[in-house]
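Heads up, the thing below is written out as structure tokens.
Positions are given from 1, in the same order as the sequence printed here.
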Amino acid sequence: QVELVESGGGSVQAGGSLRLSCAASGFIFSKNCLGWFRQASGKEREGVASIDSGDLSTHYTDSVKGRFTISQDNGENTVYLQMNSLKPEDTAMYYCAAGCRWYGGSWFDRRKWGYWGQGTQVTVSS
């Protein structure tokens, strides 16, 4: 049974940093794709960052490039999202995702991802 458990969310002032963690179990972590999505109140869920566990290539949505970094620790079966220079518009529920159903096309197509965590809230105040 696949399980993804996020942690590390919280409240921070603009310009601050947070590191989200996602502990994964139930699948071959080192041979998969992993990602982070977010959903702000009243908006659709959007992709933030992804990493291909095979070649460790990473992908970011434009609004977080240069500020967020996705990484993985195969020994700990954990994927991280380091978020720096946070802005109020980064406020959202952040979800961990895993298990690409296919490769190619947009990494941030929600239909691509087979497994989701329950989310962790990030709130950035101005």
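In this structure, OG on Ser106 lies 9.5 Å from CZ on Arg111, to the nearest 0.5 angstrom. Note that CG of Leu34 and SG of Cys100 are 8.0 Å apart. Values are rounded to the nearest 0.5 Å. For the atom pair CG of Asn32 and CG of Asp52, the computed distance is 9.0 Å after rounding to the nearest 0.5 Å. Distance CG/Asn77 to CG/Leu4: 10.5 Å, rounded to 0.5 Å.
Within the 4.5 Å cutoff, side-chain heavy atoms of Arg38 are placed close to those of Asp90. Taking 4.5 Å as the limit, some side-chain heavy atom of Val48 sits within range of a side-chain heavy atom of Phe68. Using a 4.5 Å heavy-atom threshold, the side chains of Tyr95 and Glu6 count as touching. Side chains of Arg45 and Met93 form no contact here, defined as non-hydrogen atoms less than 4.5 Å apart. Residues Ser50 and Trp113 meet the side-chain proximity criterion, which asks for heavy atoms closer than 4.5 Å. A 4.5 Å side-chain heavy-atom check between Tyr103 and Cys33 finds at least one atom pair inside the cut-off. For the pair His59/Ser57, a side-chain contact is recorded, criterion being any heavy-atom separation below 4.5 Å from C-beta on. Between Arg110 and Glu46 there is no side-chain heavy-atom pair separated by less than 4.5 Å.
Between the side chain of Thr91 and the backbone N or O of Val124 there is at least one donor-acceptor pair closer than 3.5 Å. No donor-acceptor distance shorter than 3.5 angstrom exists from the side chain of Lys43 to the backbone of Ala92, with no hydrogens or angles considered.
For Tyr115, the OH atom is loosely surrounded, since the number of other residues' heavy atoms within 6.0 Å does not exceed 12.
Shortest non-hydrogen contact noted between Glu76 and Thr78 is O-OG1, 2.9 Å.
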Test log, rule side chain to side chain donor-acceptor pair (under 3.5 Å), inputs Gln72 and Ser53: CA-CA 8 Å; Gln72 64 182 70; Ser53 297; 3.2 Å; yes
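Under the 4.5 Å side-chain heavy-atom criterion for Ile, Leu, Val, Met, Phe, Trp and Tyr, Trp116 and Val122 are members of distinct hydrophobic clusters. Neither Tyr94 nor Val5 shares a network with the other; the hydrophobic side chains, linked directly or stepwise wherever heavy atoms of I, L, V, M, F, W or Y lie under 4.5 Å apart, form separate groups for each. Tyr60 and Phe37 are assigned to two separate hydrophobic clusters, defined by single-linkage of ILVMFWY side chains at heavy-atom distances under 4.5 Å. Phe108 and Ile51 are not part of a single hydrophobic cluster, where members link through side-chain heavy atoms under 4.5 Å apart. Val64 and Leu81 fall within the same hydrophobic cluster, defined by Ile, Leu, Val, Met, Phe, Trp and Tyr side-chain heavy atoms under 4.5 Å apart, directly or through other members.
Look at Asp109 and Lys112 and you find no salt bridge, because none of the NZ, NE, NH1 or NH2 atoms lies under 4.0 Å from a carboxylate O.
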For residues 11-22, which side-chain donor-acceptor pairs fall under 3.5 Å, sequence neighbours excluded?
| unit_1 | atom_1 | unit_2 | atom_2 | d |
| --- | --- | --- | --- | --- |
| Ser17 | OG | Asn84 | OD1 | 2.9 |

